S.K.: 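Please find one structure pasted underneath; my questions will follow.
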Amino acid sequence: MARIIAVAVPKGGTGKTTTTLNLGAALAELGQRVLLVDFDPQGNLTQALGLRPADLEHTSYTAIKYFLTCFEPQLDLAVRRTEMGVDLVPTSARLNLANDELAVAIQREFVLQKLLAPLAPRYDIILIDTLPYLGVLVVNALVAAQEVLIPLQAEYLATESVTLMMDQVQLMRRSGLNAGLDVLGILLTMVDQRTVIHREAVEYARRVFGSQVPVFATQVKRSVRFPESQASHQSILAYDPEGEGARAYRALAEEVLRGSS
Ligand SMILES: Nc1ncnc2c1ncn2[C@@H]1O[C@H](COP(=O)(O)OP(=O)(O)OP(=O)(O)O)[C@@H](O)[C@H]1O
Ligand SMILES: [Mg+2]
């Protein structure tokens, strides 16, 4: 059965999609069978993998829609092979509609969990890319997952969102929605060691959060190679194989595998 990891934090632009994609590619390089699930209506993961969300017949949204009408999980229709060695469940902007549709649905928090259940035996790791907003879609990801990876942009103002995310994990546990949910780790992203403010943010994250949850030893530095690789629909491993970014996500993949039970 796959380990299911939600990549989540309620702040925009912290590296959730970049981490989902490149961690997925690095895990696949290590021989893991990886499924990436785009669960963000922005569809950035879908686009970074070279698909146009508007053209897609089957997406995470259409699977939700079908499930809410007949309660049958049919997410496999949406699964695609990609050149990055990972499989993808793409999405489209219509996933925005699921916010309202799920709000009135029976068992609204459990839809993604039910959709992923038939796919889980086929993969070693499933990574769910989420949106920067704590609503019913993120709650679905946190019910489906066993672990949460929290990307923290190395900036002072970003730490607040990590605190919010950890509170949400506590809520998931206490409410019984997912009593066993774990924080896999906080990942420092977009680190720029040259500036004092960044160094302070890294130090703060390790000291304050590190006493409560794991913080990955791996840090991802800021590099223009990341947006470049996404624009050319490649992972950082393929785009700049010997670069620091590729090294970081390979090291992160090793850490994630070491953290497996
Ligand atoms: N280490 C990095 N160095 C430089 N740029 C980066 C790095 N990681 C990500 N980026 C860029 O920063 C932008 C935001 O990253 P990304 O899309 O991964 O964030 P996100 O958390 O998924 O955003 P959202 O909350 O909108 O979904 C993207 O343009 C991405 O290419
Ligand atoms: Mg994103």
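Nothing here was measured: the structure is a model prediction, and the numbers come from that model. Whatever order the structure lists ligands and atoms in, that order sets their numbers, starting from 1.
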S.K.: Do Val220 and ligand 1 have an N or O pair less than 3.5 Å apart?
M.R.: no

S.K.: Evaluate the side chain to side chain contact (heavy atoms under 4.5 Å, CB included) criterion for residues Leu149 and Leu23: first the C-alpha distance (whole Å), next the side-chain angles of each, then the deciding distance (0.1 Å), finally the verdict.
M.R.: CA-CA 11 Å; Leu149 190 160; Leu23 173 60; 3.8 Å; yes

S.K.: Give a yes or no on whether Leu164 and Val138 share a hydrophobic cluster (residues Ile, Leu, Val, Met, Phe, Trp, Tyr; joining criterion: side-chain heavy atoms under 4.5 Å apart).
M.R.: no

S.K.: Should Leu131 and Val139 be counted in the same cluster of Ile, Leu, Val, Met, Phe, Trp and Tyr side chains packed under 4.5 Å apart?
M.R.: yes

S.K.: Give a yes or no on whether Thr17 keeps an N, O or S atom under 2.8 Å from the Mg ion (ligand 2).
M.R.: yes

S.K.: Centroid-to-centroid, Phe226 to Tyr249, below 6.0 Å?
M.R.: yes

S.K.: Does the pair Arg225/Asp240 count as a salt bridge with the N-to-O cut at 4.0 Å?
M.R.: yes

S.K.: Check ligand 1 against Asp40 and write out every atom of the ligand that is under 4.0 Å from a heavy-atom position of the residue.
M.R.: 27 (O)

S.K.: For ligand 1, find out whether one of its N or O atoms is nearer than 3.5 Å to an N or O atom of Thr19.
M.R.: no

S.K.: Say whether, by atom type as modelled, one donor and one acceptor occur between the side chain of Asn178 and the main chain of Arg173 under 3.5 angstrom.
M.R.: no

S.K.: When you measure from atom 6 (C) of ligand 1 to every protein heavy atom, which one gives the shortest distance, and what is it?
M.R.: Phe226 CB, 3.8 Å

S.K.: May I ask you to check whether Pro132 has an N/O atom sitting below 3.5 Å from an N/O atom of ligand 1?
M.R.: no

S.K.: One residue to check: Leu131. Relative to ligand 1, which of side chain, backbone, both or neither has a non-hydrogen atom less than 4.0 Å away?
M.R.: neither

S.K.: Which protein heavy atom lies closest to atom 23 (O) of ligand 1, and at what distance to 0.1 Å?
M.R.: Gly13 N, 2.9 Å

S.K.: Answer yes if a protein heavy atom lies under 4.0 Å from atom 30 (C) of ligand 1, otherwise answer no.
M.R.: yes

S.K.: With a heavy-atom distance limit of 4.0 Å, tell me whether Pro227 approaches ligand 1 through its side chain, its backbone, both, or neither.
M.R.: both

S.K.: What's the separation between atom CE in Met166 and atom OG in Ser161, rounded to the nearest 0.5 Å?
M.R.: 10.5 Å

S.K.: Please report which non-hydrogen protein atom sits nearest to atom 17 (O) of ligand 1, along with the residue it belongs to and the distance in Å to one decimal place.
M.R.: Thr17 CB, 3.9 Å

S.K.: For atom 20 (P) of ligand 1, what is the nearest protein heavy atom, given as residue, atom name and distance?
M.R.: Lys16 N, 3.5 Å

S.K.: Which residue and atom name correspond to the protein heavy atom nearest atom 26 (O) of ligand 1, and how close is it?
M.R.: Gln42 NE2, 3.1 Å

S.K.: With a 6.0 Å cut-off (strictly less than), is the heavy-atom count around CD of Glu83, excluding the residue itself, greater than 12?
M.R.: no

S.K.: Once you round to the nearest 0.5 Å, how far does CD of Gln153 lie from CG of Asp192?
M.R.: 11.5 Å

S.K.: For atom 19 (O) of ligand 1, what's the nearest protein heavy-atom neighbour? Residue, atom name and distance, please.
M.R.: Gly15 N, 3.0 Å

S.K.: Could you see which bit of Lys221 sits under 4.0 Å from ligand 1, with heavy atoms only: side chain, backbone, both or neither?
M.R.: backbone

S.K.: Answer yes or no: does an N/O atom from Gln230 fall short of 3.5 Å to an N/O atom of ligand 1?
M.R.: yes

S.K.: With side-chain hydrogen bond (donor to acceptor under 3.5 Å, both in side chains) as the criterion, how do Asn22 and Ser235 come out once you've worked through the C-alpha distance, each side chain's angles and the decisive distance to 0.1 Å?
M.R.: CA-CA 6 Å; Asn22 291 302; Ser235 74; 4.5 Å; no

S.K.: With atoms numbered from 1 as shown, which atoms in ligand 1 lie under 4.0 angstrom from a non-hydrogen atom of Gly12?
M.R.: 25 (O)

S.K.: What protein heavy atom sits nearest atom 13 (C) of ligand 1, and how far away is it?
M.R.: Met190 CE, 4.6 Å

S.K.: Using a strict cut-off of less than 4.0 Å between a Lys/Arg side-chain nitrogen and an Asp/Glu carboxylate oxygen, indicate whether Arg207 and Glu203 qualify as a salt bridge.
M.R.: yes

S.K.: Looking only at distances, please establish whether an N/O atom of ligand 1 is found under 3.5 Å from an N/O atom of Arg222.
M.R.: no

S.K.: Which of the atoms in ligand 1, numbered in the order shown and given with their element, are less than 4.0 Å from a heavy-atom of Lys11?
M.R.: 25 (O)

S.K.: Under 6.0 Å from the NZ atom of Lys11, do we count more than 12 heavy atoms belonging to anything else shown?
M.R.: yes

S.K.: Using the side-chain hydrogen bond (donor to acceptor under 3.5 Å, both in side chains) rule, pick out the option among His233, Glu228, Gln230, Gln234 that qualifies with Tyr239.
M.R.: Glu228

S.K.: Nearest to atom 3 (N) of ligand 1, what protein heavy atom do you find, and at what distance?
M.R.: Ser223 N, 2.9 Å

S.K.: Please work out which of Thr18, Thr14, Val7 has its closest non-hydrogen atom nearest to atom 15 (O) of ligand 1.
M.R.: Thr18

